[in-house]
Amino acid sequence: MHQQTSAGASYGPRNAGVTPPSVLNLNAYLMYATGKAARRRLTDALTAHGLRLRHLTVLAMLEDTAPLSKGDLASRLDMNQSDLTRTVTDLERAEHVTCTRDPSDRRRIEVALTAAGRGALARLDHEVSATEADLLSPLTREERDRFTSLLRRVHTHLEQVREDPPTH
């Protein structure tokens with residue numbers, strides 16, 4: 001059975017790729033679908049370099065910070081500890097990071113970006129930017145800046161809620 005909208009468009013098996021208008025009113029769905037498309041495109045670009053989004057995220061975090069412990073990295077990236085360990089192991093094998101025991105606490109493993117890791121990030125910068133530009137191509141430069149600003153505000157809010165959950 002096909003559903004007719006007020007504009008006369010039909011939704012059903014023949015229009016499976018067309019999102020029904022009622023779903024387009026759900027911001028959570030729009031964020032999910034857009035995020036999924038962005039992730040797929042970025043994954044394609046990174047796979048050509050033997051990397052995944054989680055690798056890029058860890059490298060970028062380490063570029064912005066001093067060396068961090070695996071625990072701090074997992075916490076800052078809201079990443080499962082075992083997933084972080086696998087990611088760091090991949091990056092260490094590729095010589096993008098080094099792992100050393102903290103001399104003051106031998107249980108703690110510090111992860112640091114290497115020159116090869118910085119080089120990988122520099123090489124990926126163009127591809128990541130091109131992927132984002134393609135994804136956001138329907139927007140003007142001003143709209144992209146506004147969109148980024150709004151996403152950062154929502155992200156900052158969610159980070160604060162994660163760190164300081166509201167008490168009821």
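Note that the coordinates shown come from a computational prediction; the quantities given were computed from them, not determined experimentally.
- For the pair L42 and L135, the minimum side-chain heavy-atom distance is 4.5 Å or more.
- When all heavy atoms of T85 and K70 are compared, the pair lying nearest together is CG2-NZ, 4.0 Å.
- Annotation: the span from L150 atom CG to H155 atom NE2 amounts to 14.5 Å, rounded to 0.5 Å.
- Residues C99 and V111 come closest through the heavy atom pair SG-CG2, 4.1 Å.
- Although no hydrogens or angles enter the test, the distance criterion places a donor-acceptor pair under 3.5 Å between the side chain of E143 and the main chain of T140.
- Placement of L30 and L139 in two distinct hydrophobic clusters is found when ILVMFWY residues are connected by side-chain heavy-atom separations under 4.5 Å, directly or transitively.
- Other residues, nucleotides and ligands contribute only 12 or fewer heavy atoms inside 6.0 Å of the CD atom of E95.
- A donor-acceptor pair is defined here as one N or O able to donate and one able to accept, closer than 3.5 Å; such a pair exists between the side chain of S137 and the backbone of D134.
- Classification of R141 and D145 as a salt-bridged pair holds, one side-chain N sitting under 4.0 Å from a carboxylate O.
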| request: Please test L53 against R39 for side-chain contact (heavy atoms from CB on, under 4.5 Å), starting from the C-alpha separation and ending with a verdict. | output: CA-CA 8 Å; L53 182 56; R39 183 182 184 103; 3.8 Å; yes
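- No path of Ile, Leu, Val, Met, Phe, Trp and Tyr side chains, each step under 4.5 Å between heavy atoms, connects V128 with L136, placing them in separate hydrophobic clusters.
- Between the side chain of H49 and the main chain of L46, no donor-acceptor pair closer than 3.5 Å is present.
- Nearest heavy atom pair, residue T43 against residue T47, reads O-OG1, 2.6 Å.
- There is a path of hydrophobic side-chain contacts, each under 4.5 Å, that joins M61 to L59.
- Enclosure of atom CZ in R52 is not indicated, since only 12 or fewer non-hydrogen atoms of other residues, nucleotides or ligands lie within 6.0 angstrom.
- Side-chain contact between Y32 and L26: absent, with no pair of heavy atoms (C-beta onward) separated by less than 4.5 Å.
- Of all the heavy atoms in D102 and E110, the pair that sits closest is OD2-OE2, 3.7 Å.
- Interatomic distance, CD1 of I109 versus CD of E92, reported as 8.5 Å (0.5 Å rounding).
- No side-chain donor-acceptor contact under 3.5 Å links T19 to the backbone of L24.
- For the pair T87 and T57, the minimum side-chain heavy-atom distance is 4.5 Å or more.
- Taking NZ of K36 as the start and CE of M31 as the end, the distance is 15.5 Å to the nearest 0.5 Å.
- Closest heavy-atom contact between D83 and M79: CB-CG, 4.3 Å.
- The two residues E127 and A45 come nearest to each other via the heavy atoms OE1-O, 3.6 Å.
- For R93, the salt bridge (Lys or Arg N to Asp or Glu O under 4.0 Å) partners at least two apart in sequence or on another chain are D90.
- Not a single donor-acceptor pair under 3.5 Å links the side chain of R152 to the backbone N or O of T148.
- A distance of 6.5 Å separates OG1 of T65 from CG of L73, quoted to the nearest 0.5 Å.
- Between the side chain of T114 and the main chain of H96, a donor-acceptor pair closer than 3.5 Å is present.
- Looking at L113 and L91, their side chains never come closer than 4.5 Å, going by heavy atoms from C-beta outward.
- There is a path of hydrophobic side-chain contacts, each under 4.5 Å, that joins L51 to L77.
- The closest donor-acceptor contact from the side chain of R101 to the backbone of R108 lies at 3.5 Å or more, if one exists at all.
- For R106, there are no salt bridge (Lys or Arg N to Asp or Glu O under 4.0 Å) partners at least two apart in sequence or on another chain.
- In summary, the side chains of R41 and T131 do not present any donor paired with an acceptor at a separation below 3.5 Å, with no hydrogens or angles considered.
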